[in-house]
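First the proteins, then the strands, lettered A, B, ... as listed; each starts at 1.
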Protein chains: 2
Amino acid sequence: MNVFVIGVGLIGGSLATDIKASYNNAIIHGIDANDINLETAISLGFIDKSSTFANLNNADIVIISVPVDITEIVLPQVLDKVSDNCLVFDVGSTKERLCTIIEHHANRACYLATHPIAGTEFSGPKAALANLFRGKTNIICEIEKTGLKQRELALDIFNRLGMRISYMDAKAHDKHIAYVSHLSHISSFMLGKTVIEKEQNERDIFDMAGSGFASTVRLAKSSPAMWTPIFNQNKENIIDALDEYIENLTAFKQLMQANRSTDIFNEMKSTNRIKEILKGIE
Amino acid sequence: MNVFVIGVGLIGGSLATDIKASYNNAIIHGIDANDINLETAISLGFIDKSSTFANLNNADIVIISVPVDITEIVLPQVLDKVSDNCLVFDVGSTKERLCTIIEHHANRACYLATHPIAGTEFSGPKAALANLFRGKTNIICEIEKTGLKQRELALDIFNRLGMRISYMDAKAHDKHIAYVSHLSHISSFMLGKTVIEKEQNERDIFDMAGSGFASTVRLAKSSPAMWTPIFNQNKENIIDALDEYIENLTAFKQLMQANRSTDIFNEMKSTNRIKEILKGIE
């Protein structure tokens, strides 16, 4: 079984690792614009050999795990080259534009739009982890547009990797993911920025920071190369989410200015039910 | 050695646990407005016996670990009752107002203003943990106003508990802690609120949330009874921090609206240095 992984970073590398462990007959071919990353991936053992787009006609599976702006360019090229029976899936954090781009492609049935909700704030082949996907949710969009054979193979892979499957249309995916993922990244980056700006001349100030601060700014370590195109592709939904977030922050500030302690207490109390919501995640 | 702990929750309970383990001769007396919490603390074993303010004249050490609005009331009462040699310290997240309140108290030398940067998002006696303070920073304010004997005893305790000591004036403490702690709590609470509001009719939506979301909203589980008075006492500094945070979020949104991808990338890139800053914390 010839598996081509385009982009051998955190997600591509973690998928390659688990697929190698789950399928005895899998040969993992790596394609990456960065030769050093490709060499690292081969030396780490999760990629068997380096390859190129010219060989994609031999692929049984193609995984596209590059930043979402590159996926827009790469996906049609991959679909042009693969055989009818090939399964192609991407793992990006935006789905609507991508599904539209290949909507009328002759090989549309080869493609499955997926978004595994898994990752860390690190990137590159050295960040790849075995069993990263176990117990995590994989969101699949527009399943009905994917061929039967491809669906079966994809579900077999995700099943072996231990993922829970969730189905959603691409538009709804992008809207909701703006709230539960993209907004968190911006809140974290801007929190980091605010504190760094304020405290740039205060060398020892971060001694004062505890695990709470570390938790809220953790996502500000994330890769700008990965996140800039996500913010661009999901712009409208993210701006809606940001507007509501800024509105809530401003309202909270006004409660503080007016010394409305009971309202401040109640705001926090009602948000405490995030505890129940997080139980399924952590 | 008679140690009185007023407020037997997460921090008071964790201090009691470590002090019992570090001093063979320590007898831990618990005082708490909530009888059930006191009984729980005794049954968990970190409080030896329940007590009242009337017995404080026998105290060698008094630890005040209650919400900061209650501390303002309790601290002068405690100083009224203790003997000259007693060490009294609180553990609250605000220091300026408290130091001002007892500035001219006859027993000012008994008091040490401390803020151990340790805790979790949980509260109450069952949340108490052994070794919670090991390797953590303890900020001490206005050390020069505390008596020599009290200073020595306090440093002996903090040393045995494995804490790093940082000295700061109370005003500077409150200003900086607004950025590296209080702001994180508000950003987290409002993020939780924004997502809950948006998704209240979408039962399955939190299946889409991953560890990144969990990390950024973790602090929204925190106790409103503890945080409402902190926000009140440190109002001016927190409003400054909130203003800057809202400004940064708004500027980021405007970059998105104007499709300024390079600027968005650079904003994130420059904030990535939070990685180095967090190395000392996590």
| request: State yes or no: are the ring centers of A:Phe231 and B:Phe252 separated by less than 6.0 Å? | output: yes
| request: Select, from B:Lys193, B:Glu244, B:His185, B:Lys269, the one with the greatest count of heavy-atom pairs under 4.5 Å involving chain A. | output: B:Lys193
| pair B:Met208-A:Met168: side-chain heavy atoms closer than 4.5 Å | yes
| field | Within-4.5 Å side-chain heavy-atom neighbours: B:Met256 and A:Ile239 | value | yes
| task | Please flag which part of A:Ser181 lies under 4.5 Å from any non-hydrogen atom of chain B: side chain, backbone, both or neither. | result | neither
| request: State, with a plain yes or no, whether a side-chain heavy atom of A:Asn272 is found less than 4.5 Å away from one of B:Pro224. | output: yes
| Hey, are the side chains of B:Leu249 and A:Leu249 touching, using non-hydrogen atoms and a 4.5 Å cut-off? | yes
| note | Whatever's closer than 4.5 Å to a heavy atom in chain B on A:Gln257 counts as both
| query | Taking every heavy-atom pair that is under 4.5 Å apart, which of B:Ile177, B:Thr262, B:Asn232 has the most such pairs with chain A? | reply | B:Ile177
| task | Would you mind reporting whether A:Phe189 and B:Glu267 have side-chain heavy atoms less than 4.5 Å apart? | result | no
| If we only count heavy atoms from C-beta on, is the A:Asp240 to B:Lys198 side-chain gap below 4.5 Å? | no
| task | Under 4.5 Å, counting heavy-atom pairs only, tell me which of B:Asn266, B:Ile139, B:Thr137, B:Thr216 racks up the most with chain A. | result | B:Thr216
| Are any of the side-chain heavy atoms of A:Arg218 and B:Ser211 separated by less than 4.5 Å? | yes
| query | Looking at B:Leu242, B:Ile246, B:Thr250, which one forms a side-chain contact (heavy atoms from CB on, under 4.5 Å) with A:Thr250? | reply | B:Ile246
| Structural part of A:Thr120 lying under 4.5 Å from a heavy atom of chain B | neither
| request: Under 4.5 Å, counting heavy-atom pairs only, tell me which of B:Ala172, B:Gly119, B:Ser223, B:Ala225 racks up the most with chain A. | output: B:Ala225
| task | Give the intermediate values and the outcome of side chain to side chain contact (heavy atoms under 4.5 Å, CB included) for residues B:Ile117 and A:Phe213. | result | CA-CA 11 Å; B:Ile117 308 293; A:Phe213 178 69; over 6 Å; no
| message | Taking side chain as everything from C-beta outward and backbone as N, CA, C, O, which of these in A:Ile186 sits under 4.5 Å from a heavy atom of chain B? Side chain, backbone, both or neither. | response | both
| said: So A:Thr228 and B:Met268, do their side chains get closer than 4.5 Å, heavy atoms only? | reply: yes
| field | With B:Val217, the side-chain contact (heavy atoms from CB on, under 4.5 Å) member among A:Ile277, A:Thr271, A:Leu278 | value | A:Leu278
| field | Approximate separation, where rounding is to 0.5 Å, of A:Lys253 NZ and B:Met190 CE | value | 14.0 Å
| message | Among B:Gly192, B:Ser270, B:Ser187, which residue has the highest count of heavy-atom pairs closer than 4.5 Å to chain A? | response | B:Ser187
| message | I need the residue from B:Leu191, B:Leu183, B:Asp243 with the largest number of non-hydrogen atom pairs under 4.5 Å to chain A. | response | B:Leu191
